[in-house]
Asks: 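Here it is, the structure in full.
Counting starts at 1 for both ligands and their atoms, in listed order. Numbers for residues simply follow the sequence, beginning at 1.
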Amino acid sequence: MFSDKTISKAAFCLFFIFFSCMPVRADEGMWIPLLLRQNQEEMQRLGLQLSAEDIYGINHSSLKDAVVQFGGGCTGEVVSSQGLVLTNHHCGFGHIQAHSSVEHDYLTEGFWAKTLQDELPCPGLEVRFLREMRDVTGFMLEGIVPDMPEKARQDSMKARGRRLQEELEEENVEVKILPFYYGNQYYLFVYEVFKDVRLVGTPPSNIGKFGGDTDNWMWPRHTGDFSVFRIYADAGNRPAAYSPDNKPYRPERHLKIDLRGYEEGDFTFVFGYPGRTQEYLSSYGVEQILKREDPMRIAARTARLDVIKAAMEKDAKVRIQYAAKAASIANGWKKWMGEVKGIERIDVIGSKQAYEKVFSVWTESAAGKEYAGVLPALESAYAGLDPYLTSAIVFQEHLMAPEAVPFAYSFGKLCRVSKGQDTSVTLAKALADCRRKAEKFFKDYDPQVDRAVFEEMAFRVKADGTRVRIVDFAGVDMKRRLDEFYNNSLFVSKEKLFAFLDKYKAASCKVIEKDPLFVYAGEVFSAYAQTTYPFLMQGRKRIDSLQRVYMKGQMAMKESGAFAVLMREGLRNNLVLSNVGSSRFYPDANFTLRVTYGKVQGFQPADAVRYRHYTTLDGIMEKENPEVYDYVVEDKLKELHASRDYGRYANALGEMPVAFVGTNHTTGGNSGSPVLNGDGYLIGINFDRNWEGTMSDIRYDPQMCRNIMLDIRYCLFIIDKFAGATRLVEEMDIVE
Ligand code: ARG
Ligand code: GLU
């Protein structure tokens, strides 16, 4: 046990510095639904009318049965007894695009299936229901000792995981075992996987993506970011591959929709699949993100976006072709810029350093002894990783930026199949795969743009003094090389490539192997594999295993009572407390189901500026600009606005609310998550965070971090009044 005596005077001073730079803790955390009882009292105090069991029940249906993992990276919610699912427009985007063509431009016009028969199958789209989760820490860690070699540990984990999977997996049932708290705990998840999911409706992009990249990560926001899907099942209501005979799935539970709205300060919770957070890093880890990773990625993407955007402005075709690509490049770019500013603003590094000094003092006590070396070891592990991290970023953000490079490389499989080195598929199948890939690739490809990207990126790589070199452009006549690639390669011309594929025979692989871009791509990949990848992985594994010890140490320090003593002192001095020392620990996000809760609340992004907690259709009209792609407003929407024809969807002031912000702690993957009120009714769909708060993946700041949610009333207004898809609203259970 930690006693007052063991805390040196210096540590106390540090402790005060540490806590005085910490924000007030509230609303932070991504909680495991199975363990929600520990939060129940607090949630009820904040306004929850339900019990933890109502949210996640073990032997009976509960709200969790209405939440799905949507595709590989989003969340969705079931809102009718007929398997209707809501998610974000940007989550459905790929499938909406896949169904769009010049004749049926659903991206531009929107799409509303008139009847069940008109709903469009989406090959490859799956939704997962969590049927069960279980703590399997005891089983997974049995016989694992602290100084066991990492490899043996990993092997044992894998074998045990596989045993559980073999035992429980069956058709359409997937079992995953995932580490929590960096491998100090393990949970098992049983998912039921539905593979026949159909597109039911989507607003036009100038509603679903209103504000585009200009408004992305920003508040005030006016994006109608939703789309509608339906899950289908076989005659027995079981998951099945697509078949025209499948019927709408009858779910165990669907959410009720509440049109009564909210006031500032009202309780909300978000129930979904947050992807990744890193709240328990050391100052060394945060420093690497802040000083190395984010700035390098931001600079590379700034340069790449400059090239792409200039081309988009010049040519309408390029604008369409590169819209989605630019959006996805810009999404991370903008987020990292906000992250850097946020980390600096609240001095995450300084407060972590202060915390680490307290931790180090604690490791001098008997209880903390076993963690004594972990921080210095982490420091040196990050230093060791740095050159490889740097070259990996050069690879990802520069060398892979010209799209023809990874595209050319992907034809290696066709060669290997042609030569009998790969027998996993037949030659005909490999060829068909290549054609499909090429169709998709060239639909949105412009070789001039790609060449300009290549040139810019090569210039940057040349100028960069990175220690580990993957390719060296020094002394290369870039113009000649680019002429060779972009005039002669098969992989930049649809005509040439298809003419070649049309006559393809096994022996034709020689042509691929001589192609200048294919040769170059092969060199880049193999140089990456030799100079960087294995060392990067080694370094990451080393950090992971140290982080596991550090995490355990952080938890042990809190449990030992040492921190309680420090905290009492802090409270007596009116100091504010942080998550790390003062409250329950929650595991970092890992794309498993979590509950996060907070309240509807505006914020102050800057001195003298205060943002209200919701936006309205009036704001869409304020932003309207027919000249600017991101701010075009449909005539129909203008008419509805002009006549204030909002029906039952208006708020008490007669306004049409569009989006709102709250203090729920969310991250990527929470897109599409249901936002519920104290009664457990659906009031919104989560779709973004504010730019000022994107550092919440590393440190949550309740003053500044907000999640952005679509108001369910705007969603229903668009479905009902704008699109006239009343059959969908009739299916829903609405509370007024
Ligand atoms: N920022 C949101 C997220 O991280 C939305 C991204 C899609 N929208 C866009 N304009 N790119 O996923
Ligand atoms: N738009 C994000 C997503 O696709 C959610 C925003 C965030 O990162 O919080 O999951």
Asks: Is it true that K325 and D444 make a salt bridge, defined as a side-chain N closer than 4.0 Å to a carboxylate O?
Replies: no
Asks: Looking at ligand 2, is there an atom of it that comes within less than 4.0 Å of some heavy atom belonging to H90?
Replies: yes
Asks: In terms of side-chain geometry, is the basic nitrogen of D196 or R198 positioned less than 4.0 Å from the acidic oxygen of its partner?
Replies: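 Here D196 pairs with R198 in a salt bridge, since their nearest N and O are under 4.0 Å apart.
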Asks: Can you check ring-ring contact (aromatic ring centres under 6.0 Å, His included) on Y649 and F722, steps first, answer last?
Replies: CA-CA 12 Å; Y649 308 112; F722 173 84; over 10 Å; no
Asks: Would you list the pairs meeting salt bridge (Lys or Arg N to Asp or Glu O under 4.0 Å) in which at least one residue belongs to residues 627-637, sequence neighbours left out?
Replies: D635-K638
Asks: Decide, yes or no, whether a salt bridge links E397 with R301 under the criterion of side-chain N to carboxylate O below 4.0 Å.
Replies: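 Looking at E397 and R301, the cut-off is met.
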Asks: Using the rule given for side chain to side chain contact (heavy atoms under 4.5 Å, CB included), can you reason through L130 versus V67, listing the C-alpha separation, both sets of side-chain angles and the distance that settles it, and then say yes or no?
Replies: CA-CA 8 Å; L130 177 65; V67 182; over 6 Å; no
Asks: Taking only heavy atoms of G669, which atoms of ligand 2 are found under 4.0 Å from at least one of them?
Replies: 3 (C), 10 (O)
Asks: Could you walk me through whether R689 and D697 satisfy the salt bridge (charged side-chain N to carboxylate O under 4.0 Å, His left out) test, starting with their C-alpha distance in whole Å, then the side-chain angles of each, then the deciding distance to 0.1 Å, before giving a yes or no?
Replies: CA-CA 11 Å; R689 269 177 293 166; D697 292 347; 2.9 Å; yes
Asks: What do you reckon, does F687 have a nitrogen or oxygen under 3.5 Å from a nitrogen or oxygen of ligand 2?
Replies: yes
Asks: What atoms in ligand 2 come closer than 4.0 Å to a heavy atom of W217?
Replies: 6 (C), 7 (C), 8 (O)
Asks: For atom 3 (C) of ligand 2, what is the closest protein heavy atom, and at what distance to 0.1 Å?
Replies: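 Looking at atom 3 (C) of ligand 2, the protein heavy atom closest to it is S671 OG, 2.3 Å.
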Asks: Which one holds for N670 and ligand 2: side chain close, backbone close, both close, or neither close, with close meaning a heavy atom under 4.0 Å?
Replies: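 Within the 4.0 Å criterion, N670 contacts ligand 2 through backbone atoms alone.
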Asks: Please classify the Y273 to ligand 2 contact at 4.0 Å (heavy-atom distances, strictly less than): side chain, backbone, both or neither.
Replies: neither
Asks: With no hydrogens and no angle check, just 3.5 Å: does a side-chain donor-acceptor pair link N686 and N707?
Replies: yes
Asks: Is R689 in polar range of ligand 2, meaning some N or O pair under 3.5 Å apart?
Replies: yes
Asks: Listing by chain and number, which residues have a heavy atom under 4.0 Å from ligand 1?
Replies: H90, K209, G212, D213, N216, W217, A327, N331, F687, D688
Asks: Give a yes or no on whether a salt bridge exists between R713 and D711, defined as a side-chain N under 4.0 angstrom from a carboxylate O.
Replies: yes
Asks: Are any of the N/O atoms in G73 less than 3.5 Å from those in ligand 2?
Replies: no
Asks: Does the distance from a Lys or Arg side-chain N to an Asp or Glu carboxylate O, for E264 and R610, drop under 4.0 Å?
Replies: yes
Asks: Which ligand 2 atoms are under 4.0 Å away from a heavy-atom of G668?
Replies: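 Result: 3 (C), 7 (C), 8 (O), 9 (O), 10 (O).
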Asks: What's the separation between atom CG in L676 and atom CD1 in I55, rounded to the nearest 0.5 Å?
Replies: 8.0 Å
